[in-house]
Amino acid sequence: MSATNTDISQIVASIDARQPVLIAGATASGKSALALAIAEASGGVIVNADALQVFSNWRILTARPTRADEARAPHRLYGHIAGDTAYSVGHWLRDVAPILQGDQRPIIVGGTGLNFTALTEGLADIPLTPPSIRAEGEALLETAGLPALLRALDADTLARIDTRNPVRVARAWEVQRTTGRGLAEWQDDTPAPLLPRADARAFHLDADRDWLRDRIDRRFDQMLRDGALEEARANLSDWNPKDPSAKAIGAPELIAYLRGQISLEEARARAITASHQYAKRQRTWFRKRMRDWEVIPRP
């Protein structure tokens with residue numbers, strides 16, 4: 001199912017106040033605005049499903065809802081994790097579970113496809129990766145590159161993951177190295193989902209590439225005006241590029257500027273390019289994996 005931009009108000013009005021809502025889409029596609037519109041129209045609690053908006057130390061740069069937006073509707077799982085703390089899909093599911101059992105209808109919104117897949121299809125109970133194996137994988141990636149990790153993976157796993165995404169490849173390698181079983185095999189042995197897709201209204205904001213690129217460019221400039229550079233300065237003394245929150249797009253670039261390594265103009269250009277690349281991966285992933293979701297074209 002698809003909808004034109006002019007149909008969004010009708011979509012908002014059509015949603016049953018008791019029905020959970022899922023909203024996925026690329027960065028800057030308007031997910032948070034839609035979630036807020038639904039919450040104000042028919043109630044509910046807005047729940048974050050973005051892997052980077054969980055971190056407390058990057059509010060502006062990860063485009064978390066503003067305090068004014070948070071005052072308009074209840075929000076959960078935003079900024080509740082320290083920036084140096086690992087936070088996996090499994091952690092997120094454990095935090096979401098009690099919210100699903102609460103009194104308020106959840107409106108789950110974000111750009112991290114794996115969170116939605118785990119929520120609606122289930123998540124395999126994979127043992128934790130020992131720090132020694134994680135360090136081994138990091139060293140292998142640094143010295144031999146992504147192909148070295150890919151060579152260790154089975155064909156089924158290679159067919160399911162984004163082989164250009166170092167984080168996803170490293171995760172698959174760690175699972176293989178830790179358990180002796182491929183990630184795909186673990187995924188095939190998966191428990192029932194917390195929220196089956198059929199039990200929710202699920203929307204995919206499918207953005208036009210050029211429209212989205214312009215939105216990304218303008219949004220990053222707005223972030224700079226809103227204080228992203230000051231936010232980066234507050235993170236400077238404790239900056240560790242290996243921290244989970246260091247993956248926030250624009251963070252390494254602004255830190256490099258503050259250290260005098262590049263100009264602000266170069267930092268801006270690099271951050272915007274990284275955001276374009278991330279949005280491209282998101283758009284590809286959502287179109288492939290969310291074919292049965294209701295599509296809302298953007299613009």
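Crowding of D125 atom CG: a count of heavy atoms from other residues, nucleotides or ligands under 6.0 Å not exceeding 12. Shown here is L264, whose CG atom has more than 12 heavy atoms of other residues, nucleotides or ligands within 6.0 Å.
In this structure, V169 belongs to a hydrophobic cluster whose other members, linked by side-chain heavy atoms under 4.5 Å apart, are I126, I133, L140, L141, L146, L149, L150, L153, L158, I161, W173, V175, L183, W186.
The shortest side-chain heavy-atom distance between T117 and W285 falls under the 4.5 Å cut-off. For the pair Q222/R218, no side-chain contact is recorded, criterion being any heavy-atom separation below 4.5 Å from C-beta on. Taking the side chain as every heavy atom from C-beta outward, E121 and T190 never approach each other to under 4.5 Å.
Residues satisfying the ring pair (Phe, Tyr, Trp, His ring centres under 6.0 Å) criterion with F203, sequence neighbours excluded, are absent altogether. S56 meets the side chain to side chain contact (heavy atoms under 4.5 Å, CB included) test with no other residue; sequence neighbours excluded. Under the ring pair (Phe, Tyr, Trp, His ring centres under 6.0 Å) criterion, F55 pairs with no residue, sequence neighbours left out. Remark: R177 pairs with E136 by the side-chain hydrogen bond (donor to acceptor under 3.5 Å, both in side chains) rule, at least two apart or across chains. Residues passing the ring pair (Phe, Tyr, Trp, His ring centres under 6.0 Å) test with Y87 are H80, H91, sequence neighbours excluded. In this structure R268 satisfies the side-chain hydrogen bond (donor to acceptor under 3.5 Å, both in side chains) test together with D221, sequence neighbours excluded. Partners of D206 by side-chain hydrogen bond (donor to acceptor under 3.5 Å, both in side chains), not counting sequence neighbours, listed by chain and number: R287. With sequence neighbours excluded, the residues satisfying side-chain hydrogen bond (donor to acceptor under 3.5 Å, both in side chains) with E185 are R181. The side chain to side chain contact (heavy atoms under 4.5 Å, CB included) search around L205 returns I23, S29, K31, L34, I296, R298, not counting sequence neighbours.
Screening residues 247-259 for side-chain hydrogen bond (donor to acceptor under 3.5 Å, both in side chains) gives no qualifying pairs among residues at least two apart or on separate chains. Residue pairs that meet the side-chain hydrogen bond (donor to acceptor under 3.5 Å, both in side chains) test with at least one member in residues 35-52, sequence neighbours left out, are E40-R72, S42-R105.
Hydrophobic clustering places V96 together with V54 (ILVMFWY residues linked when any side-chain heavy atoms are closer than 4.5 Å, directly or through intermediates).
Atoms CZ and CG, on R270 and L254 in that order, are 11.5 Å from each other to the nearest 0.5 Å.
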